[in-house]
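These notes are about the structure you will find just below.
Each chain gets a letter, A, B and so on, in the order the sequences are listed, and its residues count up from 1.
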Amino acid sequence: MRTRFAPSPTGEPHVGNIRTAVFAWLFARNNNGSFIIRVEDTDQARSVEGATDSILQSLSWLGVDWDEGPDKGGEYGPYIQSERQKQGIYSKAVETLIDSNQAYYCSCSTERLDKLRKTQIKSSKPPGYDGHCRTKNINQLPAELKSQVVRFAMPKSGVTEVSDTIRGTIKFENALIDDFVILKSDGFPTYHLANVVDDHAMKISHVIRAEEWLPSLPRHINLYNALGFDPPIFAHVPIILAPDRTKLSKRHGATSIKEFRSKGYLASAMLNFLCLLGWSLDDKTEIFTVKELIEFFSIERVSKSSAIFDNKKLEWMNGHYIREFEQSKLIGNLKKYWTDFPVSTFDIEPTTSKLEAVVPLIKDRIKTLEEAAPMINFLFSETLSYDPEMLIQKKMDYKSTLYALNEVLPVINEINPFNANNIEDNLRLLADKLSIKPGQLFGTLRIAATGQRVSPPLFESLEIIGKDKTVESISLAVQKLNSHGDIN
RNA sequence: GCUCCCAUCGUCUAGUGGCCAAGGACACCGCCCUUUCAAGGCGGAGAUCACGGGUUCGAAUCCCGUUGGGAGUACCA
């Protein structure tokens, strides 16, 4: 059992493509088969430098591994079509087809083709090549017009019947399919030819690809037949839609794996979420480890209909994974994330010991790795910047706030040991003494110590900040408030 | 236009003729917990299973049609 992922290196891999790759990979792993990566770069103009690396990186990041591919070779290499083209793999197939009258040279100009298409559309006929060169003897053509492109001679009648693992039997009327190009004038094969030749050469047993290929399936089947190959088993998985119900694309915001990674999504959550888009095990399970995905995945349980990419659910799932993470693993992930995507506001290196103290306070509060830094900025930034006005809580004023702050200072100084419990006890006592609500006092202190309205739990945070630094920032708050008061 | 695919709460889905006056999850709303924000707990609202015909004792599940959506229609993949 051998499956493949055949991306074309045209840019950052898109979640839809990756999801298809993941399905093919899971299917192979579930069946103890091989997963192969083949780069389809037969469109010279659209090939982008470095795109193959991005695709491979995104896959590895997710935990997808492959047995044969452009970077590691294999028995059926090379795994890049432009290299296979140089070896004459495709032209050999073309020759076979021409020799058996199942393909022919076509010298029609783009102008003629355009004109043809226009008149067909105008007379509401399906656009397609009219077979103009099909019956021409190539030797009668002027030399300079020879060998422009090669077209496949589709059977003119009959029905091509194929069975798709997900969709069942599908029938196509041959007469409705035109003689498509298999070899371009630059000598490169088109996708149609290349994928058939290579899937056969690489002994791919199951072709798992996106639904958008379904309409060209009869072309491929006829190509297999013409070449005398046994076609593989096909499974066309549904495509992923954006919230506007059209094919997910760049204009819908983040769509590449790399973008999600930069936004602080976890590989495990991403993989889990992607699998649930179009596949399910039962009526309740939705959190899966990689091992479980491999164990439980089956192509028959892939749904037929396309799914909308729900960012909210991804967020929830990512948060779930963060909450379930082992402490050390979360810290490791955060550090790696900050190395890959540095935090500009950090000017103190987050040490493991500091992180071990603070991570338990934030793990229930973040949905992505990206959200961690702003939340604990007060620990790793030299200066807190906030509007002094924020120190003044509801039903408090400048004077009472200043008074409270000044009263806090000696209390804090007295707390020994300086731990969360002691801090809480003493501060509650103080609030009582000052006849203000605990929440009012805590709110002011929260701003003074963290510079944020929303922060991890106050007392635990103060403990981590330490007595000295706490006193320092409260004094600073007093100063800020004083100068602020002067202005008013 | 033509060809093909698809159709269950807003979203992802369970469901393969009786266990479904349709179950779970996200999102949403309320309550509890509470130093902020989360997390968590409890509860709620939300789907005449796109519509119309059949078949059947019985249909979300099978058949036909309609409508809607999507994809394809290139010397792109």
For this session: Ignoring backbone atoms, test whether R453(A) places a side-chain nitrogen or oxygen under 4.0 Å from the OP1 or OP2 oxygen of C37(B).
Result: no

For this session: Identify whether any heavy atom of F459(A) sits under 4.0 Å from a base atom; if not, whether one sits that close to sugar-phosphate; answer base, sugar-phosphate or nothing.
Result: base

Exercise. When you measure from the side chain of R365(A), which nucleotide among C37(B), G24(B), G70(B) comes out closest?
Worked result: C37(B)

For this session: Mind checking R209(A) for me? I need base, sugar-phosphate or nothing, with any heavy atom below 4.0 Å counting as a touch.
Result: nothing

For this session: Scan P438(A) against the nucleic acid and name what it touches under 4.0 Å (heavy atoms): base, sugar-phosphate only, or nothing.
Result: nothing

For this session: Mind checking L214(A) for me? I need base, sugar-phosphate or nothing, with any heavy atom below 4.0 Å counting as a touch.
Result: sugar-phosphate

Exercise. Say you pick atom P in C9(B) and the same atom in G24(B); how far apart are they, in whole Å?
Worked result: 16 Å

Exercise. What distance, rounded to whole Å, do you find between the two C1' atoms, one in A47(B) and one in U11(B)?
Worked result: 13 Å

Exercise. Taking OP1 and OP2 of A77(B), is either one under 4.0 Å from a side-chain nitrogen or oxygen of R46(A)?
Worked result: no

Problem set entry | Plane angle bin for F273(A) and F309(A) - parallel if under 30°, tilted between 30 and 60°, otherwise perpendicular | perpendicular

Exercise. Can the ring centres of H220(A) and Y191(A) be said to be less than 6.0 Å apart?
Worked result: yes

Problem set entry | C1'-based separation of A59(B) from U16(B) [nearest Å] | 12 Å

For this session: Pick the C1' atom in G18(B) and in C12(B), then give their distance to the nearest Å.
Result: 28 Å

Exercise. At under 4.0 Å between heavy atoms, what does R245(A) touch on the DNA or RNA strands: base, sugar-phosphate, or nothing?
Worked result: sugar-phosphate

Exercise. When you compare C51(B) with U67(B), how far apart are their P atoms, in angstrom units rounded to a whole number?
Worked result: 16 Å

For this session: Looking at every strand, decide which applies to R301(A) at a 4.0 Å heavy-atom threshold: base, sugar-phosphate, or nothing.
Result: sugar-phosphate

Exercise. Relative to the ring of F442(A), is the ring of F459(A) parallel (under 30°), tilted (30 to 60°) or perpendicular (over 60°)?
Worked result: perpendicular

Exercise. When we call it a touch if two heavy atoms are under 4.0 Å apart, what does T285(A) touch: a base, just sugar-phosphate, or nothing?
Worked result: nothing

Exercise. Looking for any heavy atom pair under 4.0 Å, which part of the strands does Q44(A) touch: base, sugar-phosphate only, or nothing?
Worked result: nothing

For this session: Determine whether the aromatic ring centres of W66(A) and Y79(A) lie less than 6.0 Å apart.
Result: no

For this session: Taking atom P in both C76(B) and G70(B), compute the distance separating them and give it to the nearest angstrom.
Result: 27 Å

Exercise. Which whole-number value in Å describes the distance from L277(A) CG to C12(B) P?
Worked result: 8 Å

Exercise. Distance check: side-chain N/O of S280(A) vs OP1/OP2 of A14(B), anything under 4.0 Å?
Worked result: yes

For this session: For R323(A), report the nucleic acid contact type (base, sugar-phosphate, nothing); a contact means any heavy atom under 4.0 Å.
Result: sugar-phosphate

For this session: Verify the contact: side-chain N or O of K184(A) to OP1 or OP2 of A74(B), cut-off strictly under 4.0 Å; return yes or no.
Result: no

Exercise. Taking atom C1' in both C20(B) and C6(B), what distance in whole Å separates the two?
Worked result: 24 Å

Problem set entry | Selected nucleotide, minimal atom distance to K304(A) side chain, candidates C6(B), A25(B), A77(B) | C6(B)

For this session: Would you indicate what G278(A) reaches in the nucleic acid, counting non-hydrogen atoms under 4.0 angstrom: base, sugar-phosphate, or nothing?
Result: sugar-phosphate

For this session: Could you check whether K171(A) gets within reach of a base, just the sugar-phosphate, or nothing at all, counting any heavy atom under 4.0 Å?
Result: sugar-phosphate

Problem set entry | Distance under 6.0 Å and angle within 45° of ring axis: K480(A) vs Y386(A) | yes

For this session: Give one of base, sugar-phosphate or nothing for K367(A), where a contact means two heavy atoms less than 4.0 Å apart.
Result: nothing

Problem set entry | Any R151(A) side-chain N or O less than 4.0 Å from OP1/OP2 of C75(B) | yes

For this session: Rounded to whole angstrom, note down the C1' distance from U48(B) over to G43(B).
Result: 25 Å

Problem set entry | Phosphate-side-chain proximity, S303(A) and U13(B), N/O vs OP1/OP2 below 4.0 Å | yes

For this session: Have a look at T42(A) and say if it touches a base, only the backbone sugar-phosphate, or nothing, with a 4.0 Å heavy-atom cut-off.
Result: sugar-phosphate

Exercise. F297(A) and W279(A): aromatic ring centres closer than 6.0 Å?
Worked result: yes

Seminar exercise, completed: Considering only heavy side-chain atoms of I170(A), the closest of C5(B), U11(B), A25(B) is C5(B)

Exercise. Under the 6.0 Å and 45° cation-pi test, does R151(A) pair with Y129(A)?
Worked result: yes

For this session: Select base, sugar-phosphate, or nothing to describe what P218(A) touches, counting heavy atoms under 4.0 Å on all strands.
Result: nothing

